[in-house]
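Written below as structure tokens is the structure these notes are about.
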Amino acid sequence: LIDRETFLVASPRGDDLVALENVNSSDFPPRRFRIGEELPSERRGRWLEFIGEVSLPPGDWANYVKAGVLRMQDIFANEELRGFEAVVCGDVPIGSGMSSSSTIVVASALATLRANGLEMPPGELSEACGEGEWLVGTRGGYGDHAAMLLSERGTILHARFLPFGWERIPFPSDCRVLVVNTGVKARKTAGAKSTFNERVATYRIAFHLLRRLFPEIRQKVEHLRDVNPENLGVEPADIYRMVKALPERMSRAEVLEALRGDEEAVRDLEFYFPQHREPEGGYRVRGVLMFGIA
């Protein structure tokens, strides 16, 4: 058990205003926003399009509250959601890789649901919170959010996505988890955010290139996790040969040229490319692919 928590104490309002206070007001000043102004009714139901167009003040802690609240409004598009007044506090280390930002997203989504008398199954809510956090600019997954919503003391949460599934496994009594704070801050702004999103894009590049180079696996590979000996009916050595068929590095132009004619792949990458700077020396396609498969 990691004995760190984030608390969000909320009181529902009769309008769509979200009024925020933080116990640590020196670092996180008060913020206010209206749900209807941030996400008007005509823009709901098209989350990826919306987050591609919206512009948020970088580094503002309220962005993570907006991520949870606005994703709920996008999902419940036909409801005019009520806002709430909230005070936030917590002791999850900031910028330490322990997902302090995701705790704000999850807490805000839960507060929005409670304030409006709405419910979502934990699996759907996990995915919704993960997608909500994309509003801030990072393209992460849903694992942290699922852990926050579904974990129990004394167990390991085994969560799967696309489709969602989960189980709790008893934690071995003879094992301990050691969490070490390196003191290095991982601020998800500017260069750090670009690097994070670049890695996500590289996985997508490798996935599409692999299916292009080996069309015989296309029907069996919907996600990178599907590239394994059992699913493909091949030996591990064959997987290595497939990986080695990809270049070590590729520029963005080289990637698009290699995928010319595959409109689905190009559209997918055009979603990811604007969210990061092209890496100097090219995308590390082969190494990232190997790590992902492993």
Side-chain angles (χ1 to χ4, degrees), residues 48 97 99 102 123 126-127 130-131 133-134 138-147 156-167 169 175 177 186 188 192-273 275-294:
L48 294 183
S99 302
S102 296
S126 299
E127 295 183 346
E131 293 164 354
E133 196 159 338
W134 295 351
T138 51
R139 291 295 180 264
Y142 321 130
D144 293 341
H145 312 84
I156 300 170
L157 179 71
H158 181 203
R160 301 172 297 280
F161 298 91
L162 303 170
F164 180 81
W166 61 276
E167 59 185 334
I169 304 168
C175 291
V177 174
K188 291 181 181 177
K193 183 185 296 182
S194 179
T195 301
F196 183 95
N197 290 339
E198 173 206 317
R199 190 61 50 83
V200 177
T202 307
Y203 279 116
R204 300 304 299 170
I205 291 169
F207 166 78
H208 290 301
L209 288 173
L210 201 65
R211 299 210 312 171
R212 182 65 176 264
L213 286 172
F214 300 95
E216 66 274 15
I217 72 170
R218 194 175 186 93
Q219 297 303 316
K220 293 184 177 182
V221 176
E222 295 185 10
H223 307 284
L224 203 58
R225 68 180 181 208
D226 299 327
V227 182
N228 61 73
E230 293 75 20
N231 182 52
L232 298 182
V234 299
E235 296 296 323
D238 296 315
I239 302 291
Y240 281 103
R241 280 190 282 270
M242 294 167 64
V243 172
K244 287 188 67 176
L246 272 66
E248 290 188 14
R249 289 180 177 266
M250 296 181 74
S251 68
R252 193 172 291 182
E254 289 170 337
V255 169
L256 294 175
E257 179 61 30
L259 293 172
R260 182 190 293 271
D262 189 339
E263 296 182 2
E264 179 184 355
V266 171
R267 280 198 305 271
D268 181 48
L269 295 181
E270 286 177 344
F271 169 74
Y272 289 95
F273 282 162
Q275 299 155 13
H276 64 276
R277 296 187 298 272
E278 181 172 0
E280 185 176 351
Y283 294 91
R284 297 184 293 168
V285 178
R286 188 190 296 176
V288 170
L289 174 62
M290 175 63 80
F291 182 85
I293 292 176

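Start at 1 with the first residue, then count along the sequence.
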- Would you find a donor on one side and an acceptor on the other, under 3.5 Å apart, between the side chain of N197 and the backbone of S194? no

Of all heavy-atom pairs linking M250 and A258, the shortest is CE-CB, 4.1 Å

Can you tell me if CD on E216 sees more than 12 non-hydrogen neighbours from other groups inside 6.0 Å? yes

Within a 6.0 Å radius of atom CD on E167, are there more than 12 heavy atoms belonging to other residues, nucleotides or ligands? yes

Hits for side-chain hydrogen bond (donor to acceptor under 3.5 Å, both in side chains) against E254, two or more places apart or cross-chain, chain-then-number order -> S251

Rounded to the nearest 0.5 angstrom, the OH-CE distance for Y240 and M290 is 5.0 Å

query = Distance-only, no hydrogens or angles: does the R277 side chain make a donor-acceptor pair with backbone N or O of T195 under 3.5 Å?
reply = no

Q) Are any of the side-chain heavy atoms of H158 and W166 separated by less than 4.5 Å? A) no

State, with a plain yes or no, whether a side-chain heavy atom of L232 is found less than 4.5 Å away from one of M242. yes

Q.
Quick check: do D226 and H223 have side-chain heavy atoms less than 4.5 Å from each other?
A. yes

Within-4.5 Å side-chain heavy-atom neighbours: R286 and V243: yes

Check your understanding: When you look at L289 and F207, which way does the side-chain contact (heavy atoms from CB on, under 4.5 Å) test go after all the steps?
Key -> CA-CA 8 Å; L289 174 62; F207 166 78; over 6 Å; no

Taking every heavy atom of A245 against every heavy atom of L213, the minimum-distance pair comes out as O-CD1, 3.9 Å

Is T138 reaching over with its side chain to a backbone N or O of W134, donor-acceptor style, under 3.5 angstrom?
no

Salt bridge (Lys or Arg N to Asp or Glu O under 4.0 Å) filter on R218, not counting sequence neighbours, yields D262

Applying side-chain hydrogen bond (donor to acceptor under 3.5 Å, both in side chains) to R160 and not counting sequence neighbours gives none

Value for CZ (R241) from CD1 (I239), rounded to nearest 0.5 Å, stands at 10.0 Å

- Task: Answer yes or no: is there a donor N or O on one side and an acceptor on the other, between the side chain of Q275 and the main chain of F271, under 3.5 Å?
- Result: yes

Notebook entry, point to check: Taking the side chain from E278 and the backbone from R252, do they hold a donor-acceptor pair closer than 3.5 Å?
Noted result: yes

Across all chains, not counting sequence neighbours, the side-chain contact (heavy atoms from CB on, under 4.5 Å) partners of D268 are R204, H208, Y272

### Query
So do the side chains of P229 and D238 get within less than 4.5 Å of each other, counting heavy atoms only?
no

Applying side-chain hydrogen bond (donor to acceptor under 3.5 Å, both in side chains) to R211 and not counting sequence neighbours gives none

Here the pair of heavy atoms bringing L157 nearest to A147 is CD2-CA, 3.6 Å

Close side-chain approach of L209 and F214, heavy atoms under 4.5 Å: no

On a heavy-atom basis, the closest approach of F164 and G123 is CE2-CA, 3.2 Å

Checklist entry - Within 45 degrees of the axis of the six-membered ring of Y283 and under 6.0 Å from its centre: does R249 put its NZ or CZ there? => result no

**Message:** Could you check whether E270 pairs with R267 (Lys NZ or Arg NE/NH1/NH2 to Asp/Glu carboxylate O, under 4.0 Å)?
**Reply:** no

Do S102 and E133 touch side chain to side chain, with heavy atoms closer than 4.5 Å?
-> yes

Applying side-chain hydrogen bond (donor to acceptor under 3.5 Å, both in side chains) to N231 and not counting sequence neighbours gives none

Closest heavy-atom pair, Y203 versus L224, reported as atoms and distance to 0.1 Å, is CD2-CD2, 3.6 Å

Close side-chain approach of L269 and I205, heavy atoms under 4.5 Å: yes

Please test L259 against R212 for side-chain contact (heavy atoms from CB on, under 4.5 Å), starting from the C-alpha separation and ending with a verdict. CA-CA 7 Å; L259 293 172; R212 182 65 176 264; 4.1 Å; yes

